[in-house]
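Take a look at the structure below.
Read the numbers this way: they start at 1 and go in the same order the structure lists the ligands and their atoms. Along the sequence shown, residues are numbered consecutively beginning with 1.
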Amino acid sequence: MSQKLAFADDHFHDECGVFGVFGHPEAANLAYLGLYALQHRGQESAGIVSSDGKELYVHRAMGEVEEIFQPSVLAQLPGSLAIGHTRYSTAGDKALLNAQPIMIDCNKGKVALGHNGNLTNAAEWRRKLEHRGSIFQTNSDTEVIVHLIARSQARNLSGALGDALNQVEGAYSLLVLTQDELYAVRDPRGFRPLALGKLTTPGGFVSWLVASETCAFDLLNAQYVREIEPGEMVRISKSGIESIRFAPQKQLQQCIFEHVYFSRPDSIVFGRSVNESREMLGRLLAREHPVDADIVVPVPDSGVPAAVGYALESKIPFRMGLIRNHYIGRTFIEPSQAIRNFGVKLKLNPVRGLIEGQRVILVDDSIVRGTTSRKIVRMVREAGAKEVHVRVSCPPTISPCYYGVDTPTREELIASSNTPEEICKFLGADSLGYVSLPALRRAVSDTEGKFCTSCYTGVYPTDLVQLEVRESAPNGKSGEATHGNSSEPEPAERPVVVERPVRWRTRCSSAITSS
Ligand code: SF4
């Protein structure tokens with residue numbers, strides 16, 4: 001009997017993308033296009049709030065940007081100011097109730113908020129606020145900020161926002177819209193990106209834009225101006241742009257994974273080209289983990305720039321030996337007759353003519369649970385590869401993220417409890433090499449320790465309130481990694497090692513090629 005199958009992508013997922021417009025007659029249309037360019041940052045729900053100077057207008061729905069914002073919907077969002085949000089939930093469930101921007105009518109007037117990031121003390125604040133009589137409409141951590149704004153004694157919104165944000169911990173790149181102002185705010189550690197842009201019409205009229213990534217500006221022919229600084233609140237109004245420092249900047253913790261995987265390679269993130277970082281990662285990977293082989297094959301799409309870098313450095317030919325289906329939906333009818341690797345084949349298919357008889361270097365950006373990587377290795381072998389050498393353009397991912405990224409639990413992360421040798425064996429690869437943490441820092445030009453690397457080290461820069469972290473001692477024993485429905489023996493349980501050796505490469509003595 002056929003059944004519906006949900007296709008799970010074995011990657012970390014960024015939580016959200018935000019986009020703001022000030023001073024354009026088609027603000028909602030621009031917000032729609034901006035969100036369209038940021039769709040990779042969240043596909044579960046999207047929303048736009050616009051203002052015509054008197055009223056705020058909102059539309060939020062489940063689904064992707066293109067399907068939600070039909071012309072008839074955009075026509076109901078008038079005005080020259082707008083903020084948009086696209087969401088892949090981390091805190092709070094996936095219901096429409098939690099879709100953003102959130103809108104409130106409080107003692108500071110009508111306000112809409114769109115948030116990228118995750119607050120690490122939200123649960124604690126929620127308990128306190130509920131105790132004091134606040135009634136929450138959603139279970140998203142962003143609503144904590146809303147209640148703290150409403151409770152602030154400050155006379156104006158910028159003061160109330162500063163009050164609220166100085167009481168929360170964690171990651172926030174935030175857009176706030178009132179009837180006649182747009183605020184763009186970044187937390188003092190600068191976890192998530194937020195960029196300021198400018199759109200100049202042929203008549204010389206200037207509109208201001210704010211986006212999670214600069215690829216959204218490119219679509220609109222807008223100009224990237226600068227980053228919103230960590231600890232900075234930019235207020236855009238008819239009087240112009242005002243920069244307010246609402247909190248002292250702390251030790252920077254820019255998410256390094258934005259450069260490894262989340263952001264689009266055509267974006268500038270934290271003032272640096274993402275594509276440049278990824279190609280450099282591939283080059284450094286080739287230097288740290290060389291291997292005799294015939295072709296370099298990326299796991300598309302996100303593994304492509306690193307594979308280009310690996311091929312350029314190693315002088316081994318780059319081949320698109322795996323083709324990605326870009327039109328994949330969310331659920332599928334699985335045939336009643338079992339098809340090997342069915343789930344992964346929906347997304348990727350090998351080009352047998354390129355792979356057959358070849359020693360293949362397979363380059364991917366990360367390994368999370370390992371289950372998808374294992375299927376890809378098997379698929380490449382079935383297409384006739386003589387050898388499969390897996391190269392990963394980030395260090396082993398051993399710890400979850402609490403700063404706005406959807407990650408599996410520590411126990412589900414294969415590298416949290418398995419050595420590279422065990423992972424290599426589980427994947428069925430001939431060898432496995434991870435780029436080292438120093439190389440990753442070098443690839444993003446991080447000479448001053450400005451990047452967060454917690455998912456590779458297990459060391460977090462903020463006080464966390466999550467139960468999982470409280471309950472697991474830094475060097476305590478973690479559960480076994482989850483390896484799907486394998487009939488092969490599971491790798492042995494290993495203790496979590498917080499401090500990892502610099503180089504991660506292993507050669508398997510025996511490869512597993514069938515199950
Ligand atoms: Fe980024 Fe990892 Fe830090 Fe999360 S823990 S902010 S994914 S580097």
For this session: Pick, from Ala171, Cys255, Cys455, Pro400, the option with the minimum heavy-atom distance to atom 1 (Fe) of ligand 1.
Result: Cys255
Exercise. Of all the atoms in Cys401, is at least one N, O or S atom closer to atom 2 (Fe) of ligand 1 than 2.8 Å?
Worked result: no
Exercise. On the ring face of Tyr310, is Arg391 found with NZ or CZ under 6.0 Å from the centre and within 45° of the axis?
Worked result: no
For this session: Measure from NZ or CZ of Arg192 to the centre of the six-membered ring of Tyr403 and say whether it is under 6.0 Å with the direction within 45° of the ring axis.
Result: no
Exercise. Ion pair present between Arg126 and Glu130, side-chain N to carboxylate O less than 4.0 angstrom?
Worked result: yes
Exercise. For ligand 1, which atoms sit closer than 4.0 Å to a heavy atom of Ser454?
Worked result: 5 (S)
Problem set entry | Salt bridge present between Arg189 and Asp187 (N-O < 4.0 angstrom) | no
Problem set entry | Any N, O or S atom of Cys452 closer than 2.8 Å to atom 3 (Fe) of ligand 1 | yes
